[in-house]
Amino acid sequence: MKLIVAVQASVTDGLPDAGPSWRDLHAIELESPLINAEMDLLDVQISLLDRPASELGRRRLRRAANKVLAARRTVTNRLGTGEAA
């Protein structure tokens, strides 16, 4: 068994990183609600770039910004409680 581990380690030492580790993927999964909310906010901001300011546009922007704040609070609370570990 030790021989297999040693051979596997020697083979993978010279290879470039094959991708994100499970820790990286877990961190992304924990932050995905925030990432999605930020993407929604960016979509609203982009859609409002070439339009005159309207009450509907301001509401959409405010809702998207509030969604980002709520997602950020949720992610921070998860990381603060040790759920990420």
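Small disclaimer: the values here were computed from a predicted structure and weren't measured.
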- Can you list every salt bridge (Lys or Arg N to Asp or Glu O under 4.0 Å) pair that touches residues 39-50, not counting sequence neighbours? D40-K67
- Task: Hey, could you give me the CG/OG distance between L42 and S47, rounded to the nearest 0.5 Å?
- Result: 9.5 Å
- Listed by chain and number, what are the salt bridge (charged side-chain N to carboxylate O under 4.0 Å, His left out) partners of R59, not counting sequence neighbours? E55
- Got a donor-acceptor contact below 3.5 angstrom from the N36 side chain to the P33 backbone? no
- Starting from W22, walk the hydrophobic network (Ile, Leu, Val, Met, Phe, Trp, Tyr; side-chain heavy atoms closer than 4.5 Å) and list everyone else you reach, by chain and number. none
- Excluding sequence neighbours, so at least two apart, what forms salt bridge (charged side-chain N to carboxylate O under 4.0 Å, His left out) with R72? E38
- Does M39 sit in a hydrophobic cluster with other residues, and if so which ones, taking ILVMFWY side chains as linked at heavy-atom separations under 4.5 Å, directly or through other members? I35
- Return the set of residues passing side-chain contact (heavy atoms from CB on, under 4.5 Å) with V44 (not counting sequence neighbours), or none when no residue passes. L48, R60, L61, A64
- Once you round to the nearest 0.5 Å, how far does CD of E31 lie from NE2 of H26? 10.5 Å
- L30 side, atom CG; L25 side, atom CG - distance, nearest 0.5 Å: 11.0 Å
- Message: According to side-chain contact (heavy atoms from CB on, under 4.5 Å), who are the partners of N66, at least two apart in sequence or on a separate chain?
- Response: R62, L69
- Minimum heavy-atom distance V68-A37, with the two atoms named: CG2-O, 3.4 Å
